[in-house]
**Student:** 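Below is a structure I'd like to ask you about.
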Amino acid sequence: EDQVTQSPEALRLQEGESSSLNCSYTVSGLRGLFWYRQDPGKGPEFLFTLYSAGEEKEKERLKATLTKKESFLHITAPKPEDSATYLCAVPSRVSFGNEKLTFGTGTRLTIIP
Amino acid sequence: NAGVTQTPKFQVLKTGQSMTLQCAQDMNHNSMYWYRQDPGMGLRLIYYSASEGTTDKGEVPNGYNVSRLNKREFSLRLESAAPSQTSVYFCASTGLAGYSAVPNEQFFGPGTRLTVL
């Protein structure tokens with residue numbers, strides 16, 4: 001059974017203070033890893049897909065990296081609008097061309113002005 | 001494009017009442033999903049539909065039924081609501097990936113917040 005663990009559960013940073021969020025996973029054959037952002041009262045919003053170890057993707061102040069056992073979401077010089085819960089998920093095939101996602105419980109990030 | 005839409009946004013039920021949560025997508029996606037999100041549990045898959053006319057159970061299907069009405073719409077029904085079904089429900093959709101292709105991201109709706117008293 002696929003498992004995804006995220007840490008820390010919550011993180012408070014001062015504006016401009018860089019840090020990293022961790023997502024460790026146990027899967028039988030990694031086919032990719034997704035990062036989502038979720039604001040309070042809203043649905044998850046897609047950020048990145050990483051497909052293989054060593055891959056990196058960037059978007060504004062966020063950079064996602066992937067190793068064979070974990071993924072990191074690095075946030076550089078964050079701003080208050082980066083405050084959200086960040087979720088990671090791994091796909092597993094359930095039928096031809098169809099995947100289900102196994103999610104971690106998320107990291108709740110708060111950026112203090 | 002509206003993406004994935006869900007109705008209602010909020011609902012309060014009494015134990016034993018029934019209701020249907022509606023979901024629609026306008027992205028011509030083949031696959032649709034229903035998840036529930038509970039504090040400390042993350043998002044868990046209830047049911048999914050790989051294509052019109054097909055549905056399959058996810059991790060936590062007990063107490064729920066689904067209908068894939070057409071390619072656009074996928075509904076979730078609670079026949080006899082229980083307090084344990086108090087949760088936030090999300091619908092998602094994704095395009096069909098070929099057998100050897102990489103998985104596609106899922107797009108989520110805004111959610112339905114359900115309270116069962």
Side-chain angles (χ1 to χ4, degrees), chain A residues 1-10 23-25 27-53 55 57 59 64 66 84-108, chain B residues 2-6 9-10 23 25 27 29-61 68 88-113:
Chain A
E1 189 75 20
D2 296 347
Q3 289 190 328
V4 178
T5 303
Q6 292 188 247
S7 62
E9 189 174 313
C23 171
S24 62
Y25 58 86
V27 298
S28 53
L30 182 70
R31 299 185 63 251
L33 185 141
F34 297 98
W35 280 99
Y36 285 84
R37 168 190 171 127
Q38 187 175 23
D39 292 301
K42 297 190 175 181
E45 176 187 347
F46 171 73
L47 291 173
F48 303 109
T49 310
L50 302 167
Y51 292 112
S52 58
E55 188 174 0
K57 289 196 176 171
K59 181 179 180 179
L66 182 65
T85 295
Y86 291 86
L87 304 170
C88 68
V90 294
S92 54
R93 187 176 283 127
V94 291
S95 63
F96 176 81
N98 285 280
E99 315 278 345
K100 70 166 188 173
L101 293 181
T102 299
F103 281 87
T105 52
T107 293
R108 188 173 65 254
Chain B
V4 180
T5 56
Q6 294 183 235
K9 286 186 168 35
F10 300 94
C23 173
Q25 51 88 14
M27 297 174 281
H29 284 165
N30 290 291
S31 300
M32 297 185 74
Y33 308 81
W34 277 105
Y35 293 88
R36 60 178 289 174
Q37 186 174 39
D38 303 290
M41 301 288 290
L43 282 148
R44 292 179 293 168
L45 183 65
I46 305 171
Y47 270 93
Y48 67 97
S49 170
S51 62
E52 183 180 349
T54 67
T55 61
D56 285 285
K57 295 178 180 179
E59 299 173 63
V60 288
R68 183 73 183 268
V88 182
Y89 292 86
F90 289 100
C91 177
S93 70
T94 191
L96 179 67
Y99 185 79
S100 60
V102 295
N104 293 328
E105 65 271 21
Q106 294 183 11
F107 295 87
F108 285 79
T112 294
R113 282 143 191 83

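The figures that follow rest on heavy atoms only: side chains count, while hydrogens, waters and symmetry mates do not. On a predicted model such as this, the values are computed, not experimentally measured, just so you know. Naming: A, B, ... by sequence-line order, numbering from 1 per chain.
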**Student:** Find out whether B:Y48 and A:K100 are in side-chain contact, i.e. whether some heavy atom of one side chain is under 4.5 Å from a heavy atom of the other.
**Tutor:** no
**Student:** Heavy-atom pairs under 4.5 Å with chain A: which of B:L43, B:V88, B:D56, B:V4 has the most?
**Tutor:** B:L43
**Student:** So which residue, B:R113, B:K9, B:E59, B:M41, ends up with the most heavy-atom pairs under 4.5 Å with chain A?
**Tutor:** B:R113
**Student:** Given a strict heavy-atom distance threshold of 4.5 Å, which part of B:Q6 is in contact with chain A: side chain, backbone, both, or neither?
**Tutor:** neither
**Student:** Counting only non-hydrogen atoms closer than 4.5 Å, does A:P44 touch chain B with its backbone (N, CA, C, O), its side chain (CB onward), both, or neither?
**Tutor:**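 When you check distances to chain B, atoms from both the backbone and side chain of A:P44 fall under 4.5 Å.
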**Student:** Which residues pass the ring-ring contact (aromatic ring centres under 6.0 Å, His included) test with A:Y25, sequence neighbours left out?
**Tutor:** none
**Student:** Answer yes or no: is there a side-chain heavy-atom contact under 4.5 Å between A:L30 and A:L66?
**Tutor:**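 Yes - at least one pair of side-chain heavy atoms lies under 4.5 Å apart.
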**Student:** Name all residues meeting the salt bridge (charged side-chain N to carboxylate O under 4.0 Å, His left out) criterion together with B:R44; count only those two or more places apart in sequence or in a different chain, and write none if there are none.
**Tutor:**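 In terms of salt bridge (charged side-chain N to carboxylate O under 4.0 Å, His left out), with neighbours along the sequence ignored, B:R44 is linked to B:D38.
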**Student:** Give me the atom names and distance for the closest heavy-atom approach of A:Y51 to A:R31.
**Tutor:** CD2-O, 3.7 Å
**Student:** Which region of A:F48, side chain (C-beta onward) or backbone (N, CA, C, O), has a non-hydrogen atom less than 4.5 Å from a non-hydrogen atom of chain B, or is it both or neither?
**Tutor:**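 It is neither, since no heavy atom gets under 4.5 Å.
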**Student:** Can you say whether B:L45 sits under 4.5 Å from chain A via the side chain, the backbone, both, or neither, judging by heavy atoms?
**Tutor:**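 For B:L45, the side chain is the part near chain A, not the backbone.
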**Student:** Please tell me if the side chains of A:E45 and A:Y36 come closer than 4.5 Å, counting only heavy atoms from C-beta onward.
**Tutor:** no
**Student:** Is it the side chain or the backbone of A:E1 that comes within 4.5 Å of chain B heavy atoms, both, or neither?
**Tutor:** neither
